[in-house]
Structure formats: structure tokens, C-alpha cells
J.: 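Can you read through this structure? Questions will come right after.
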Amino acid sequence: MPDQMHPTTATSDPPQEQPPETFLNLITNVLSLLLLSTITVQSFIGRWQVLRPKLTSLQSSLSSLSDSPLWPQNPLLHTLLPSLLSTLQRLLSLSHQCSSTCSFLGGKLLFQSDLDIASSSLSNHLHDLGLLLRSGVLHQSNAIILSHPGPGSNKEELVFFIHDLFTRLQVGGAEFKRPALESLLQVLNEDQKLASLVAKEGNIGYLIGLLDFNNQPSIREQAVSAVSILASSDGESRKIIFEEGGLGHLLRVLETGSMPVREKAAIAIEAITDDPDNGWAISAYRGVPVLIEACRCGSQVTQTHAVGAIRNVAGVEDIRMALAEEGVVPVIIHLLVSGTSAAQEKAADCVAILASSGEYFRTLIIQEKGLQRLMYLIQDLSSTSCTIEHILRAISSLSVSDSISQILSSSTALIVHLGELIRHGNIISQQISASLLANLSISDGNKRAIASCMGSLVKLMESPKPVGIQEAGALALLSLLTVRWNKKELARDEKGLMKLVQMLDPRCELIDKKFPVMVVDALLSGRSGGCRKRLLAAGVCQHLQKLAEMEVAGAKKALQRLSENRLKSMFSRAWRE
């Protein structure tokens with residue numbers, strides 16, 4: 001609906017300083033004359049027959065309006081009623097021309113155009129009046145300034161406030177829209193929990209329509225800010241914005257808007273695409289090149305949220321290929337080193353998703369020197385823990401390629417850093433680092449260099465969550481224990497050795513027994529007299545016997561190895577004697 005009514009040509013606007021009751025009386029009188037006149041017209045009879053039901057509907061709406069005791073206090077009517085009166089007076093003048101036999105000044109085509117314009121204006125007034133009546137705002141006192149709900153306002157008061165606010169947005173001109181949007185932004189900034197109520201009770205479709213570029217820039221900027229807050233607040237609000245076509249409007253704003261509105265639009269787009277069910281629409285709205293261009297040339301805020309949106313949709317196969325065709329990889333790799341901390345985190349996550357999708361993207365990432373950027377960034381002390389996690393995932397995905405695995409395996413700096421992350425990183429970083437170590441072909445020298453992380457790997461084997469962490473810790477530990485010096489180091493770690501034995505206890509149900517059994521078996525392999533003695537002293541034998549009876553994988557083999565080592569030890573002592 002347009003913000004302003006269509007101008008009239010034959011009748012000047014009535015003076016607007018009169019009280020609304022006067023305007024209503026004048027409108028009622030003109031409407032009665034107009035209804036009679038439509039019966040006697042002799043020209044354009046078909047058009048007047050179409051127009052007559054609108055006039056009858058208007059008569060009914062005006063009757064409902066007058067039944068609302070507080071209607072004169074509503075400021076929106078101070079604008080609507082004079083404009084409505086002007087339109088009715090114009091229609092009455094046109095009906096008189098159709099009732100006479102005189103020719104039409106300017107010709108029939110011009111007259112027909114005037115009649116259509118006046119009829120369209122009447123439809124707009126009917127819509128606005130109907131909106132006012134349905135909203136319920138005419139049943140309460142209104143002021144020119146929209147009053148904010150207090151901290152203790154109940155739901156009914158909040159709903160009325162929202163209805164009043166959106167009524168002002170839809171019916172009023174710019175002088176009502178700006179204060180209404182300011183009030184909406186203030187309320188949403190003060191309490192974003194109200195977002196779901198605003199989305200449910202307000203006309204979000206109309207709010208999204210204000211993003212179009214035929215609206216005033218200040219109004220459009222306020223509307224984008226409101227949509228951005230709503231989209232970022234909760235899933236229900238995001239769903240309503242998406243269903244009302246908000247994503248397409250936001251992408252257009254991101255493409256051609258000013259910097260402030262582009263930033264707000266990018267925030268909203270990232271929030272909307274966070275829902276996997278919405279990702280496909282990026283392609284439908286031709287948003288892939290828009291997002292990539294925003295990452296390439298936008299402000300830091302725009303870049304951060306645009307790359308977040310790309311990250312959100314990178315898992316959709318069709319969009320992923322479109323991203324590749326539009327040159328997303330070099331843009332994302334560039335953000336790894338040039339973006340803000342948040343942009344780096346999202347870019348790293350995006351690289352991880354793309355690298356895990358297949359050899360095609362892994363090749364593109366390597367060609368753009370993505371591995372070097374990742375290896376540099378992982379050792380950057382300013383990188384956040386979340387960024388480190390995503391970098392590790394990306395490196396892990398790239399390591400699937402044999403050539404990349406060889407490069408990683410030969411990097412002493414990376415191996416040492418993985419050992420440090422296992423010792424001091426968060427649980428996710430520890431798990432990914434351990435998995436990487438287990439899958440790389442590390443030299444004995446580098447394995448010995450990170451022996452200090454073996455105690456931390458034993459601790460990972462105790463952790464019931466996340467899924468797979470016990471296996472990651474065990475396999476990384478097995479890799480390190482192929483070096484004899486590391487076996488001795490672990491055997492000297494009394495706490496670590498005791499934890500291993502305790503994990504073998506059948507009563508400890510949170511531990512998958514095959515993993516500590518594998519580690520104990522590795523400790524017993526080769527010349528391991530010192531390990532055997534310490535394991536026996538810790539009570540490993542009885543646990544292995546019970547596990548062998550339970551047919552736990554590897555338990556019988558470890559028990560046999562333990563027994564063989566005992567016999568060898570006995571014969572060795574007897575021979576010396």
C-alpha cells in the first residue's frame with residue numbers, strides 16, 4: 001500500500017484543522033449523496049457498479065468507527081479522514097459529470113483515468129480504515145506519541161502496543177512511520193524476548209516491504225534494523241521473516257544499500273540461513289554472488305556476517321557448486337588472514353566444510369595456499385579456541401589427501417603444536433588433535449618430542465563424551481608407544497599407569513574396554529620388563545582375566561603377553577643364578 005494517497009485534481013483538500021467529528025459528519029453526508037448519484041449515472045455505468053460495493057462497505061466501516069467511543073482521539077484519523085473526504089468529493093464531482101449529457105472535458109480517456117485514480121484512492125482508504133478497526137486501537141485512548149509498555153506490562157498491554165505500532169506504520173505517513181519504527185527498535189533493544197510476540201502479532205510482511213528502495217532512506221534503515229533484530233532473536237521470528245519473503249529483500253539491501261544497512265542486512269541473512277531449511281533459498285534469490293561480493297568488498301562487520309551466511313549454506317550441495325563457480329575459495333582463504341577474529345573463525349569453519357565435501361574443493365583450497373594459511377593461523381596466539389577447532393577440522397579434512405598427509409607428517413612445528421593442544425586445549429581441540437596425530441606418519445624423533453602429552457591422552461580415554469574421544473586418545477597413544485623411549489616414560493608416570501589399570505575394571509562401565517586393553521598390550525610388547533612390573537603391581541592381571549572371560553577384544557592376547565613376559569623374567573633370573 002502506498003505511503004500517501006493519490007492527489008486529486010478538481011477539489012482542494014478540506015481544511016484539516018477541524019475536529020475529526022466534523023470530518024466524519026461531512027464524509028457521511030457526501031457518501032449519502034454519492035450512493036444516490038451512482039444510481040443515476042448515464043456514462044461508465046460498469047465502473048460505477050464496481051465502485052458502489054466499496055461505498056457500501058465504507059458506510060458500514062464508518063458506522064463501526066462511530067461506535068468506538070474513543071475514536072476521535074486516534075491521531076491516525078486526523079490524517080485519514082480529511083484525505084477520505086477529499087476522495088469522496090472528487091468521486092461526487094465525477095459522478096455529476098456522468099449524470100449529465102455534457103461532453104467530458106479532456107476526453108473520455110482522461111476522465112476514465114481520473115475515475116480509476118479516485119477509485120484506487122478509495123480502496124486505499126477502505127484498507128486503512130479496516131486495518132484501524134481490526135487492530136482494536138480505536139477502543140483505547142491514543143496519543144500522537146506512542147506510549148511504551150512499562151516493565152510490568154501484561155501480555156494484553158503488549159499486544160495492544162504492537163497492534164497500535166503496526167497500525168501507525170501501515171496507515172500513517174512518514175510522520176507516523178518514523179516514530180513507530182523508533183519505538184519498535186527501542187522496545188526490541190530493551191527486551192529481545194518480545195521479538196517472538198512482535199513477529200506473531202505484528203504485520204511482518206509490511207515491515208519487510210519497507211526495505212524496498214522506493215521508501216525514504218531513513219525509514220528503510222530503521223526497518224532493516226528492526227528486521228535484523230527480529231531475525232537474530234529467536235527461531236520463530238526468523239521463520240516468519242523467511243516465510244514473508246524477507247531473505248530476498250535483505251539480499252537486495254546487501255547488494256545495493258548503504259554501508260549501515262548492508263551491515264544490518266548481513267546480520268539478518270546470517271541468522272536466517274542458520275536454519276538448514278532456509279539455505280536453499282540463497283540460490284533461489286541469486287544470493288551467492290551477492291554474499292561473495294560482500295565478503296570481498298564489504299566493511300568488516302559485513303564481511304564477518306556474510307562469510308557466516310556462506311558457512312551456513314556451504315553444506316548444501318547445489319549451493320556449494322555455485323559458490324565454487326563464483327570463486328568463493330580465494331575470498332574465504334583471504335579472510336583467514338585479513339578478517340576480524342570472528343570472520344577468521346567463520347572462514348575456517350567454511351574451509352573445513354568445503355574440504356570435507358570432496359577432492360574437488362580440497363584441490364581448490366591447496367591451490368590457493370589454504371594449507372599454509374591454516375598452519376600459520378593455528379599457531380597464532382591471538383586465535384580463539386573456536387577458531388582453532390575449525391582450523392583443526394579443516395587440516396584434518398585436507399589430510400585425507402596423501403600428499404597433504406606427507407606435508408603435515410613432516411612438519412615438526414605442527415606436530416609439537418598438536419601435542420600442546422592435547423595438553424592445554426579444550427576438549428574438542430584435544431580430540432581433533434589426537435585424531436590427527438593417530439592418522440599421520442610421524443617420525444620417531446617427533447613422537448619422542450611430544451611424549452609429554454601422553455598423560456593427557458590417557459585422560460581423554462577416561463572421558464565418556466564427546467563421542468569418539470576415547471578412541472582418538474587411545475589411537476594417538478598407540479602411535480606414540482611405537483617408540484620404546486615413550487613406553488618407559490609412560491611406565492614412569494604412576495598416575496597415568498594407574499588410570500589405565502582402573503579403566504580395565506569391569507565395574508567401570510563408561511569406558512570402552514578395548515581401548516585400554518590395546519594400550520596395555522602395546523606397553524607389554526617388546527622388551528617391557530619395567531612396564532610389566534608396574535602393571536602387575538597395579539593389579540592389571542585380575543582385570544585382564546575378567547575381561548578375557550567376558551571375551552573383550554584383545555584381552556586374551558594381552559593376558560598371554562603378560563604371562564609370557566613373566567615366564568621370560570623367571571627363566572632370566574634362574575639363568576643368572
Side-chain angles (χ1 to χ4, degrees), residues 1-68 71-133 138 167 170-176:
M1 187 189 71
D3 293 344
Q4 298 178 347
M5 300 302 105
H6 292 288
T8 57
T9 56
T11 318
S12 60
D13 288 342
Q16 297 189 17
E17 65 274 5
Q18 299 183 50
E21 293 90 344
T22 300
F23 278 110
L24 183 59
N25 289 332
L26 291 171
I27 288 170
T28 302
N29 291 334
V30 173
L31 181 58
S32 299
L33 294 173
L34 185 56
L35 282 168
L36 289 173
S37 183
T38 57
I39 300 174
T40 61
V41 292
Q42 298 177 14
S43 304
F44 294 98
I45 296 174
R47 272 181 162 72
W48 287 106
Q49 286 177 345
V50 171
L51 203 148
R52 185 173 176 80
K54 295 182 183 180
L55 298 173
T56 304
S57 177
L58 176 61
Q59 196 172 41
S60 175
S61 295
L62 292 174
S63 176
S64 299
L65 175 67
S66 62
D67 290 339
S68 304
W71 72 267
Q73 300 178 28
N74 192 286
L76 295 171
L77 290 172
H78 297 177
T79 302
L80 176 59
L81 292 181
S83 183
L84 173 59
L85 178 59
S86 177
T87 298
L88 292 176
Q89 288 173 336
R90 174 59 177 157
L91 284 169
L92 184 60
S93 173
L94 293 172
S95 70
H96 289 159
Q97 293 184 55
C98 289
S99 300
S100 65
T101 57
C102 64
S103 60
F104 298 101
L105 294 175
K108 285 191 174 183
L109 287 178
L110 179 60
F111 180 90
Q112 179 178 315
S113 175
D114 289 343
L115 181 57
D116 289 343
I117 290 173
S119 178
S120 177
S121 295
L122 179 62
S123 296
N124 289 331
H125 297 321
L126 270 173
H127 172 272
D128 293 350
L129 190 55
L131 181 64
L132 276 169
L133 292 169
L138 297 178
T167 301
Q170 293 172 257
V171 177
E175 72 278 10
F176 285 103

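Computed from a predicted model, the values in this text were never measured in an experiment. In what follows, every heavy atom counts, from backbone to side chain, and hydrogens, waters and symmetry copies are set aside. In this chain, residues are counted from 1 in sequence order.
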J.: Could you tell me which non-hydrogen atom of P53 sits nearest to which non-hydrogen atom of V50, and how far apart they are?
T.: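 Nearest heavy atoms, P53 then V50: CD-O, 3.2 Å.
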
J.: What distance do L110 atom CG and L115 atom CG have between them, rounded to the nearest 0.5 Å?
T.: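 Going from the CG atom of L110 to the CG atom of L115 covers 11.5 Å.
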
J.: Between K54 and S119, is there a side-chain heavy-atom distance shorter than 4.5 Å?
T.: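 SC-SC contact between S119 and K54 confirmed.
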
J.: Run the side-chain contact (heavy atoms from CB on, under 4.5 Å) check on Q42 and S99 step by step: do they pass?
T.: CA-CA 5 Å; Q42 298 177 14; S99 300; 5.7 Å; no

J.: Heavy atoms only: give me the nearest S95-V41 pair and the separation to one decimal.
T.: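 Nearest pair, atom of S95 first, then V41: O-CG1, 4.0 Å.
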
J.: Nearest 0.5 Å please: distance from the OG atom of S43 over to the CD atom of Q112.
T.: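 Atom-to-atom, S43:OG and Q112:CD are 12.0 Å apart.
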
J.: By the definition side-chain contact (heavy atoms from CB on, under 4.5 Å), identify the one residue from R90, H96, Q89 that meets it with L92.
T.: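 Exactly one pass, corresponding to H96.
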
J.: Just by distance, do the side chain of R52 and the backbone of T38 share a donor-acceptor pair under 3.5 Å?
T.: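 No.
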
J.: Let's go through L88 and L55 carefully: what are the C-alpha distance in whole Å and the side-chain angles of both, what is the deciding distance for side-chain contact (heavy atoms from CB on, under 4.5 Å) to 0.1 Å, and is it a yes or a no?
T.: CA-CA 9 Å; L88 292 176; L55 298 173; 4.1 Å; yes

J.: Side chains of L94 and Q97: closer than 4.5 Å at any heavy-atom pair?
T.: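 Yes, their side chains come closer than 4.5 Å.
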
J.: Evaluate side-chain contact (heavy atoms from CB on, under 4.5 Å) for L62 paired with L58, printing each intermediate quantity in order.
T.: CA-CA 6 Å; L62 292 174; L58 176 61; 4.0 Å; yes

J.: By the definition side-chain contact (heavy atoms from CB on, under 4.5 Å), identify the one residue from L24, L80, I27, T22 that meets it with L85.
T.: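 So the option named by the test is I27.
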
J.: What's the separation between atom OG in S121 and atom CG in D116, rounded to the nearest 0.5 Å?
T.: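 The CG atom of D116 is 11.0 Å from OG of S121, to the nearest 0.5 Å.
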
J.: Out of curiosity, C98 SG to F111 CZ, how far, rounded to the nearest 0.5 Å?
T.: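 One gets 3.5 Å once the value is rounded to the nearest 0.5 Å.
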
J.: Please check: side-chain N/O of S63 versus main-chain N/O of Q59, any donor-acceptor pairing under 3.5 Å?
T.: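 Not confirmed, S63 side chain does not pair with Q59 backbone.
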
J.: Would you mind reporting whether L91 and L51 have side-chain heavy atoms less than 4.5 Å apart?
T.: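 With C-beta onward as the side chain, the pair touches.
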
J.: Side chains of W48 and L34: closer than 4.5 Å at any heavy-atom pair?
T.: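 Counting from C-beta outward, W48 and L34 do come under 4.5 Å.
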
